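First up is the structure itself, then whatever we jot down about it.
Computed from a predicted model, the values in this text were never measured in an experiment. Here is how names work: the chains are called A, B, and so on, in the same order as the sequence lines, proteins then strands, and each is numbered from 1.
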2 protein chains.
Amino acid sequence: MLRGITNLGQWITWNPDTRQMDVGEGGSIVFDRERVGEISNHVYSGPDWLNAEGRFVSPGFVDSHTHPAFAATRELEFELRGQGKSYQEIAAAGGGIRNSVKTLREIPEARLSDLISERFNQFLDYGTTTLEAKSGYGLSLDAELKSLRAITSAAQQVPVSVQRTFLGAHEFPDEYRENRADYVRLLTEQMIPAVVEAGLAEYCDVFCEAGVYTPSETREIARAAQHSGLAVRLHADEFVSTGGAELAVELGALSADHLMAISDDGIQALAQSDVVATLLPGTTFFLGQNQWAPARRLLDAGAIIALATDFNPGSNMTLAMPFILTLAVIYLHLTPLEAWQAATFGGAKALGLSQETGSLQPGFQADCVIWNCDNYRQVPYFYAMNLVHSVVKSGQRVR
Amino acid sequence: MLRGITNLGQWITWNPDTRQMDVGEGGSIVFDRERVGEISNHVYSGPDWLNAEGRFVSPGFVDSHTHPAFAATRELEFELRGQGKSYQEIAAAGGGIRNSVKTLREIPEARLSDLISERFNQFLDYGTTTLEAKSGYGLSLDAELKSLRAITSAAQQVPVSVQRTFLGAHEFPDEYRENRADYVRLLTEQMIPAVVEAGLAEYCDVFCEAGVYTPSETREIARAAQHSGLAVRLHADEFVSTGGAELAVELGALSADHLMAISDDGIQALAQSDVVATLLPGTTFFLGQNQWAPARRLLDAGAIIALATDFNPGSNMTLAMPFILTLAVIYLHLTPLEAWQAATFGGAKALGLSQETGSLQPGFQADCVIWNCDNYRQVPYFYAMNLVHSVVKSGQRVR
């Protein structure tokens, strides 16, 4: 166990009093076992201290939207999309989520868990110390439970905090395409109770979108989840506005995610609520689209925003949060400091963990990244590369 | 010295007979000292063999357009641009290239060389084994010579092949803004002869663009360079079409670079010539623009294309060629294999080195990358991350 990180260069953290990011320089972060004790002006020395040697230090990223429970990569679809096929055309031809459902149902649970462990380790490589992990490529009782068990066992192998989301409502499986109501009933009457009974998830998510789940179906599933004790988060207004953001507010969801097509009413609804607007610009980038989520309008209206990767094999094959900062600065027009806030405090807030992690306040998890650079602007600036020097999780150096 | 790389998974290389990329599977690359001997179906073993353990193997990248000779990063301009300031506005306010000129002129040569060495090492980290390095932030006789000497000494410290370009015509220095003809005379009568006399460059480049060098000034500088024995390459048609591509053909340049604004006539001119069309999509991305170079039209017309980073502190702060492949697939609509071709064979052709490097033919430099993935599509697909497993330069493992 480290006593702390000493000889800091620049450092940043969310400040709950000013509700802004603090930018400091020098001193040390003193740990109290696995938690932050204080930030001190003093520079310590000794073998139990990790010496940042003047480098920039940040809280670990909190990535609040990922889909790591998949069996196979889909690089052929990536090539086809570059050649002009749309995500929707590829899905209609048996690609997309349905492709992943096929391979997920076939893979043995132990192998799936190993794959997820590798991915969790890669998240750590790029500075993420807390992440949310969704099921959603199983779409059957067995395969969804398998996915959540594999996430759970992988999380025990890797020193990263994992929050689990049941996303049985990611799509309709082929066998229920003509019987949507039956699948919704399966979700609400069998799958959600089974997930809760087995203690396999903290949240339930629904892909509320034209062609996927209607607002009415979404409401039904989310209410059942809440009734069973799961917190709710929504995929909302990704390609078409269907009132997903407003529905998230109505339901008291933790977060409404994507929002590339959010309406003016949706922006106002989020701004007047505690529901976090989770923006996933990596997906916009990877799909080659130019409809970016209206981050500035959300911020200016007063909404709380988070940035996350949306790591998944179809629409965003990266788990590198530093690159999400880059996109946020260039394409969402956030300042680098606003982007850092959204990727640390914002992510924690979107997971209901803003009293636990995402900043360097006393009593919070001692989750920190030392960077091979001088200041917070350089992480998004020096892009598509890995500037992580070392990673501390719960007071222990893990990278 | 390695005997070769054995136990290949998938591998790719340019094939000069078919003028396409070959995709193979298994076997070994046998080295003949620092060169490729052959690709063999046999799998060897022993301590002198590097075991790829079934991983994907490619030639090292040839990055034919970089600006690594700068003294200071410019992340504040990156923030300003995200907030809506244009590259041109920032330049007019003393930022941009003029900012870099100020710091470059002040930095001691040894410190500059150290910085460049660090950057050359980072290129290797991401799989680049040959790169072109430009001066161009000095814009005075002394500072340009200092830059080229620093590049030269840095290249001696790092196991990467470096080709040097004199880019005194990157901008007009402030002291000559009202006397452009005098600066052109300084370039042609003093700087080029001094560079050649000292043996400090292989090429001369000119930024031919509206507001920078006119076609007529470009022609004058390029002719002087050719007269002194330097090969010519041009920054052409980046923001506005000024006939830069056509001029590159007229001059017999090795390469015309950028080409976001190339005209139809320019495309035809390149297609009917040996001048390589060097595309730099990282710059389009980093500047937040959506005017991508017309890669497909160039290819379909019959032009030879290269992909390069344009690594520089103002308009593209990455040196990761894998991410350039990603952009090429998503935004230039190249297939992954076309992108690989452009980033290996194409880069070598743009440097006049296509008989030396950029592919795994017998007699070529043994420059290879082993990747932590299964196939060539995954390198651009699994993006903004570093999948490099190991790098071999001239038959020696260097990463």
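- With a 4.5 angstrom heavy-atom cutoff, A:Y126 touches chain B only via side-chain atoms.
- A search for side chain to side chain contact (heavy atoms under 4.5 Å, CB included) contacts involving A:R55 returns A:E53, A:I370, A:N372, A:H389, not counting sequence neighbours.
- Distance alone, capped at 3.5 Å, is enough to place a donor-acceptor pair between the A:N375 side chain and the A:Q378 backbone.
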### Task
Would you sort out whether A:E132 and A:K134 count as a side-chain contact (heavy atoms from CB on, under 4.5 Å), showing the intermediate values?
CA-CA 7 Å; A:E132 181 256 22; A:K134 303 179 197 291; 2.7 Å; yes
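- Summarising the geometry of A:T278 relative to A:S64, their closest heavy-atom pair is CG2-OG, 3.8 Å, with the distance given to 0.1 Å.
- A donor and an acceptor atom, one from each side chain of A:T344 and A:W14, are nowhere located under 3.5 Å apart.
- A distance-only check finds no donor-acceptor pair linking the side chain of B:W371 to the backbone of B:V379 [under 3.5 Å].
- Listed by sequence position, A:F285, A:F286, A:G288, A:Q289 are the residues of residues 285-293 of chain A in contact with chain B, using a 4.5 angstrom heavy-atom cutoff.
- Looking at heavy atoms from C-beta onward, B:V391 lies in side-chain contact with B:T129 at the 4.5 angstrom threshold.
- Residues A:L131 and A:F311 are not in side-chain contact: their nearest non-hydrogen atoms beyond the backbone lie 4.5 Å or more apart.
- Considering every non-hydrogen atom in both A:L307 and A:A339, the closest pair reads CD1-O, 3.5 Å.
- Taking all atoms of both residues into account, the shortest heavy-atom contact from A:Y376 to A:Q10 is N-OE1, 2.7 Å.
- Heavy-atom proximity under 4.5 angstrom to chain B picks out A:T73, A:R74, A:E75, A:L76 from residues 67-77 of chain A.
- Looking at heavy atoms from C-beta onward, A:Y137 lies in side-chain contact with A:N312 at the 4.5 angstrom threshold.
- Chain B forms the most heavy-atom pairs under 4.5 Å with one residue out of A:G84, A:P322, A:P380, and that residue is A:P380.
- Your options are B:D125, B:L80, B:V329, B:L327, and the one with the most heavy-atom pairs under 4.5 Å with chain A is B:V329.
- Looking only at heavy-atom pairs under 4.5 Å with chain B, the residue among A:Y383, A:F323, A:F78 that has the most is A:Y383.
- For residues 330-337 of chain A, a heavy-atom distance under 4.5 Å to chain B picks out A:I330, A:Y331, A:H333, A:L334, A:T335, A:P336, given by residue number.
- Inter-residue side-chain proximity for B:F382 and B:C373 is flagged as unmet; no heavy-atom pair is nearer than 4.5 Å.
- In this structure, CD1 on B:I305 lies 5.0 Å from CG on B:L279, to the nearest 0.5 angstrom.
- Screening B:N316, B:T318, B:T283, B:T284 for a side chain to side chain donor-acceptor pair (under 3.5 Å) involving B:D310 leaves a single residue, B:T283.
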#### Entry: side-chain contact (heavy atoms from CB on, under 4.5 Å) between A:T130 and A:D63, intermediate numbers included
CA-CA 6 Å; A:T130 297; A:D63 187 346; over 6 Å; no
